[in-house]
Structures are given as C-alpha cells and as structure tokens.
Amino acid sequence: MESQKIIDRPLYNSRIIDSYIRLIKQKYSHVNISELLEYAGMKEYQVADQAHWFTQEQINRFYEKLVQVTGNTAIAREAGLYAASPDAIGAMRQYILGLVGASNAFELLSKATENFTRSSRYESRKLSSNRVEVIVTPLEEGLEKSFQCENRIGFFEAIVTIFNKKENGGHRLPEVQHPECMFKGGKVCRYVITWEKSLSVMLKRLLGVVTVALVILNLVLLLTNQWSELKFIFPVSIFIVLILVIAADKSENSELKKSLNNTRDSNEKLIEQIDINYSNAQMTNEVGQVLGECTKTEDILASVTRIMEKRLSYDRGIILLANRDRTRLEMKAGYGYAPDRVESFNQLSFSLNEQESKGVFVNSFREQRPFLINDLKDIEGQLSPRSLNIARELDSKSFICCPIVCEETSIGILAVDNVKTKKPLVQSDINLLMGVASVIAISIRNCELVEARLRQFHSVLHILAASIDARDSLTAGHSEKVTEYALAICNELDLPSEYCEVIRVASLLHDYGKIGVPDTILKKPGRLTREEYEVVKTHVDKTSEILSQINFEGIYRDVPEIVSAHHEKIDGSGYPRGIRGDAIPLGSRIISVADYFEAVTSKRHYRDPMPVHEAFDLLRQESVSHLEGRIVEALIAWYTRSAPAGPLDEELSRKTGGGLFVTPL
C-alpha cells in the first residue's frame, strides 16, 4: 500500500521529459508526441512547465510507449547523453554550463539532482582530478526501473562531454564503470566516472616532473664542478620551465575562459528567461486588474487583446467565442490583423455542429486541448481544404490555439501566431496562453453572472415602477418616461455611463413612495387642497424610507439620496429639506427637470396635456429659480433633435421652419 502511494507521488521534474521530447523532435521526427504524452497521462503544457512533476507510473508508461514507437531499447541512455547536445538548450544543460568544469559539476551533483528527481538520493566523492564516484540510493527498493539507471549513465557522460570537447567539435566520452547496480542485486547504484585529464592538468603535471628533473640535473652538474655543461644546461632548463609555465597558464586560462563563457551564456539565458517571466507576470497582473473592473464581455476581450499586444512577443492574436446556439465560432477581438483580414475573419464561420469540420480551432474547441504548430506542413493532412486555404491566406508561419474552458465547457478559442517573427513558438508559450485563457473564461463567466443579476435587478425595478404607475391609467408609464428623459439629459451632458445607470435606477424609483398616498388624493379630478398637497409631498419621505431598507451597493449607493432630493429647487423653496443650488445632487436636478416635463406634457385628471412648445417656455421660466438652466436646455436640445413631428404643435413647427419636433414621446 505504501509503495503504491509513493509510485503515485510526483517524483520527476518535467525537465527530464523535456530532454526526451527534444531528442525525439531531433532524431525521431516520425513519432507522434501528442499520442506519446497522452498514453503517459501527460500534457504538453505540463512538460513545458518547469515547476511540474510527474509520477513514477507516468514515467514508466512514457518509456514503454517510447521504446515501442522508436524501436530503440537504449533510448534512455541516449536521452541522458543528449543533454550535452547544443540542440538541447534546456534547463539541465544551462545548469551544468554554469559550473566550472566536470569535477565541480559532480561535486554539486547531490544538490543539483534535487531539482530534477525525488525518487533517490545522490552522493558524489572525488577520487582524483579526473575521477569521481557517485552513489545513488533509492527512496524505496523497487520503485525505479532499470531504464532510469541507463538514463543516469547517459547523463553522467553528458556532464563530462559538455566540458571535454575536442577542437574539431567532437566528443570525448568518459569511462563509466558500474560495479554495483540495484537492478542486479545491489542495494544501491554505484558509478565510477573517469575522463581524460585536461591539457592544463597534464601540462602542470609535466611541469612538476620536468622541473624536479632539471633541478636535480643542475645540482649534479654544480656539485661535480662541470661548469661548462652547467653554463649550457642551466639557461636551457630555465627556458624549458618558462615554456611549460607559459603553456600551462595559457591552457588553464583558455579552459577558465571557456568555463566563464559557459557561465555567461547560462546567465544570459537565465536573464532572458527572467525578463520573459517578468513580462508574463506583468501581463497577468494587468489582465487581473483590468478584468476585475470589467463587467461586459466585449470590454474583457478588448482589454485582454490590448495587453497581449503590449506585453507578449506574438505578431497577431485573436479570440473567438461560440455563438449562443453553440453552432459556430465567431471572432470577437484581435490584434495585428490588417482590416481586410479582420473582414475575412468576420465572414468566416467555424462550424461546430458539422462532423466533417476538422480545423485546428474546431478540434481545439471540441477536444479542449491546445495545439502548437511551428510548420503548417505538419498538419496539412489534418485540415480540410477550406481550413488549409484560410491558414495560407493568413500567411501564418507558426501558431498556437488554446481552448477557453469554463466549468468543463468550451466557450471559445484564444489563438496567437507569428508572421514576421522568426522565433519558434515553444511549449512554455502554451503554458502561458492556457493561463490567460482560463482567466478569460472565469471573467466571462463572472460577466454572465453579473449580467444575469443586472437583468433580474432591472426587471424588478421595472415591475416596482409599473406597480405604482398602474394605480392610475393616466399615470401609467410615468416612471418609464421620466427615466427616458433623464437618460437623454445625461447623454446631452456627456455624463459617464456608470452615472447614467445610477440615474436610470433613481428615475424608475423616484415616485415609489406614492404607494402610501391614498387613491382618493392621487386620482382626484380637481385641484388638490393645501392639506391634500401636503399628503402628496410625504411620498418623498416614504420613498426614502423604503429605499433605505434596500442594500444599494457600489455605484448604486447614492440612489436613495438622489431620489430624496428630486423635489428640491435651486432657490431652496423645494421639499423635503429645502436645500439649494449645488447642495442638491446633480442626479436629483436632472430627474427634477425630466419629471416636470413629463408631468406637464401628460394628461391628468384635472387638466389636459400642455403643448410641447409651451412646456419648453415653462421650463425656461422655471430655470430662473427652480430648475437648473443647462439641464433644461439639454432636455430641449435632445427633444428638438429626436422627437418625431406631430399635430400637437404645428404652429410652433411653422414658426421654426419645421426645425423643431414637438410631439411628446
């Protein structure tokens, strides 16, 4: 049971599998990597993620399938040695290159291997300048497999090979002895690695031997009084020693320079990766900030594409979402495309309900997995002629498409491609874009929830407003009309959309307190008495009292205050508090004008509707002391421009040459 738990534990870093994948792409191009990873229960973006770890079971299945499709039973050792190849610009090679010499690399092996494997413990011991012993102790007996021992041997060969290159670019493989193996009855795997001594070491050893020999020779000549020979031998000895010293120093400096260059290259790649990670982190942060502020899907998509264009090194990007019926994918946002290309995309229909559709976008959507294509020729056989023509028309060199998945349901596709940039797309790009796609999915879902709540909220508001207006057939629709006029004023004044939404809600609810006013007063056919008018005025306080029990949050928190002041007047003669001027909220002043105009232009029990041109005159008169002039003029300007012509004010229309539209809405 315990063994089963360990085998299911994440023990091997993805960088090990990454070395295999690089080798496969280089030497076994016929192998279908996607099928290989799928068989092993791995994902391409997991392999690209250097923080991901795989289980022993996954490693076993990966190797089993790999031997089957390549026919190479020694591929584990080959993959270990491949870490030394210039084509393997992976984490292992970068790490080793950062060390000065093979001997130092083996000394730090115990620490280094902790970053790659948790299945065993590595211990190294230096036997000489060119010989080390490495002992590998498994975490549990029987956990590892024999192919992993072969992979280690290849990796040890790679460590030496990276530093011991011949001048012609060839390799000098070290001798790896394996006197004890856990797969052949041993308790541990013990390796003794021996490699050729470096030129500087050999020259230093030669220098020591030659120096001692020459010193002895010169002493013998001195003690035997052979002055003539000494005069010749001594300067020659000095010359030989100097030559060897210079040669040894030059060789050592050359090797040190090579190691420093390796360190520099490793650091440059590390800095480059840090820059990429920083830019990606900045992008993720910006996306998070922007999406937290967006409540509409179109705003989310526009913001994401704008940030991607700014932060990422892809030439083009596009987001497609499934339509409401989930029958096709439609372009919603993008960047980097010429206008004619955008038009082409808008005319395209990526069908989701036709079984013969097999484009990359459709497959990614259906299968919920990303695709990375660095050469269109690789997938020509998988595309329909139409999809292939589309890709060629777009002139894509390489591209990635990732599914946008929310709650296990695909809702769209995020795709990027390169046209000018020669840098190939890699697995880490998928990892990044899958992260972006998941954020998009969550944000879209949140927007849908917010929009659903808003629709519910708005429907409740309309029902509340209608329930008051419906008490009297003559006032039916009053709140809706006031809302329409108030929003028109907001637009004329170019107020922010959020404030317009606040005004819309406040306008719908501005008279809700009339629910507490008796019908005998509301429907009275004649003018109200002073006492009755005082009762009507109480509807403002009643409205405030009712709205105070509703938890208005965010942008709606000012609704109760705006509603409570819509009967206040500029000169302070209004009610209920008698405030004046700018002390009256702007929203209240807007609703006041809209309410006044709707009231005088509508029929009431005690009078007929006032003609619009007279209402305009009355509004302007009231703007002297009761209403705000610029708000009055905003309403008149909108109504003049927007209302259809009708019979009520033909006289005014004639006076203004038909330039004023006068029929009440």
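Since the model is a prediction, treat every value here as computed from it, not as a measurement. FYI, the numbering just counts along the sequence from 1.
The two atoms that bring Ala565 and Ile579 nearest to each other are CB-CD1, 4.4 Å, heavy atoms only. Of all heavy-atom pairs spanning Ala333 and Ala302, the tightest one is CB-N, 4.4 Å. For Phe365 against Gly412, the heavy-atom pair with the smallest separation is CE1-N, 3.5 Å. In terms of heavy-atom proximity, Gly513 sits nearest to Lys542 at O-CD, 3.5 Å. Contact record, Leu432 with Tyr314: CD2-OH, 4.3 Å, taken as the closest heavy-atom pair. Of all the heavy atoms in Gly41 and Gln46, the pair that sits closest is O-OE1, 4.3 Å.
A donor-acceptor contact shorter than 3.5 Å is absent between the side chain of Ser602 and the backbone of Ala599. Between the side chain of Thr543 and the backbone N or O of His539 there is at least one donor-acceptor pair closer than 3.5 Å. Put simply, the side chain of Ser592 never gets that close to the backbone of Arg589: no donor and acceptor are under 3.5 Å apart. A distance-only check finds a donor-acceptor pair linking the side chain of Ser544 to the backbone of Val540 [under 3.5 Å]. Without hydrogens or angle criteria, Ser623 side chain to Gly629 main chain gives no donor-acceptor distance under 3.5 Å. Remark: side-chain polar atoms of Glu568 are not paired, donor with acceptor, to backbone N or O of Arg580 under 3.5 angstrom. With Ser364 contributing its side chain and Val360 its backbone, the two residues share no donor-acceptor pair below 3.5 Å. Proximity of a side-chain donor or acceptor of Arg326 to a complementary backbone N or O of Ser410 within less than 3.5 Å is detected. Proximity of a side-chain donor or acceptor of Arg557 to a complementary backbone N or O of Gly554 within less than 3.5 Å is detected.
Atom OH in Tyr485 sits 12.5 Å away from atom OG in Ser507 (nearest 0.5 Å). Between the OG1 atom of Thr483 and the CD1 atom of Ile503 there is a distance of 10.0 Å, given to the nearest 0.5 Å. Note that CG of Leu547 and NE2 of His510 are 12.0 Å apart. Values are rounded to the nearest 0.5 Å. Rounding to the nearest 0.5 Å places NE2 of His613 at 11.5 Å from CG of Leu618. The distance from the OG1 atom of Thr305 to the CD1 atom of Ile300 is 11.5 Å, given to the nearest 0.5 Å. Taking CD of Gln621 as the reference point, atom CD of Glu614 lies at 10.5 Å (rounded to 0.5 Å).
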Passes side chain to side chain contact (heavy atoms under 4.5 Å, CB included), Ile413 versus Ile319? Steps please. CA-CA 6 Å; Ile413 290 293; Ile319 298 176; over 6 Å; no

Pair Asn551-Glu553, side-chain hydrogen bond (donor to acceptor under 3.5 Å, both in side chains): steps then yes or no: CA-CA 6 Å; Asn551 185 25; Glu553 296 180 346; 2.8 Å; yes

Check the pair Lys332 / Ile318 against side chain to side chain contact (heavy atoms under 4.5 Å, CB included), numbers first and verdict last. CA-CA 8 Å; Lys332 295 298 182 181; Ile318 188 172; over 6 Å; no

Can Val563 and Tyr512 be said to form a side chain to side chain contact (heavy atoms under 4.5 Å, CB included), step by step? CA-CA 10 Å; Val563 170; Tyr512 195 72; over 6 Å; no

Begin with the C-alpha distance, continue with both residues' side-chain angles, and end with the deciding distance and a verdict on side chain to side chain contact (heavy atoms under 4.5 Å, CB included) for Leu321 and Ile444. CA-CA 10 Å; Leu321 296 183; Ile444 289 176; 4.0 Å; yes

Checking Asn353 against Ser351 for the side-chain hydrogen bond (donor to acceptor under 3.5 Å, both in side chains) test, could you report, in this order, the C-alpha distance in whole Å, the side-chain angles of both residues, the deciding distance, and whether it holds? CA-CA 6 Å; Asn353 59 351; Ser351 177; 2.9 Å; yes

Start with the C-alpha gap between Glu501 and Tyr556, add the side-chain angles, then the distance that decides, and say whether side-chain hydrogen bond (donor to acceptor under 3.5 Å, both in side chains) holds. CA-CA 8 Å; Glu501 172 63 13; Tyr556 300 109; 2.7 Å; yes

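By the neighbour-count criterion of 12 heavy atoms within 6.0 Å, atom CD of Glu298 is densely surrounded, having more than that number from other residues, nucleotides or ligands. Around CD of Glu534, the count of heavy atoms belonging to other residues, nucleotides or ligands within 6.0 Å exceeds 12. With a 6.0 Å radius and a threshold of 12 heavy atoms from other residues, nucleotides or ligands, Glu545 has its CD atom at or below the threshold. Within 6.0 Å of CG in Asp582 there are 12 or fewer heavy atoms belonging to other residues, nucleotides or ligands.
Screening Ile562, Ile631, Asp595 for a side-chain contact (heavy atoms from CB on, under 4.5 Å) with Ile590, the sole residue that qualifies is Ile631.
Inter-residue side-chain proximity for Val593 and Glu628 is flagged as unmet; no heavy-atom pair is nearer than 4.5 Å. In this structure, Phe399 and Val416 have side chains that are not in contact, with every pair of non-hydrogen atoms separated by 4.5 Å or more. Annotation: side chain of Ile411 is not in contact with side chain of Arg445 (no heavy-atom distance under 4.5 Å). The side-chain heavy atoms of Cys406 and Ile442, taken from C-beta on, include no pair separated by under 4.5 Å. For the pair Ile400/Asp417, no side-chain contact is recorded, criterion being any heavy-atom separation below 4.5 Å from C-beta on. Looking only at side-chain heavy atoms (C-beta outward), Asp511 and Lys514 come within less than 4.5 Å of each other. Looking at heavy atoms from C-beta onward, Leu301 lies in side-chain contact with Ile440 at the 4.5 angstrom threshold. Using a 4.5 Å cut-off on side-chain heavy atoms (C-beta onward), Met434 and Pro403 make contact.
Checked for salt-bridge contact, Glu633 and Arg630 miss the test: no charged N lies under 4.0 Å from a carboxylate O. Between Lys481 and Glu598 there is no salt bridge, since no side-chain nitrogen of the basic residue lies less than 4.0 Å from a carboxylate oxygen of the acidic one. Ion pairing of Glu330 with Arg328 is present here, as a side-chain N (NZ or NE/NH1/NH2) and a carboxylate O approach within less than 4.0 Å. Of the charged side-chain nitrogens involved, none lies within less than 4.0 Å of a carboxylate oxygen, so that Glu622 and Lys569 do not count as a salt-bridged pair.
Between His567 and His626, the ring center distance fails the sub-6.0 Å criterion. Aromatic ring centres of Tyr639 and Phe597: separated by under 6.0 Å.
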Side chains of residues 489-496: which donor-acceptor partners sit under 3.5 Å, not counting sequence neighbours?
{"unit_1": "Asn491", "atom_1": "ND2", "unit_2": "Leu487", "atom_2": "O", "d": "3.3"}
{"unit_1": "Glu492", "atom_1": "OE2", "unit_2": "Arg641", "atom_2": "NH1", "d": "3.1"}
{"unit_1": "Glu492", "atom_1": "OE2", "unit_2": "Arg641", "atom_2": "NH2", "d": "2.1"}

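Side-chain atoms of Thr327 and Asn323 form a donor-acceptor pair, as typed in the model, at a separation below 3.5 Å.
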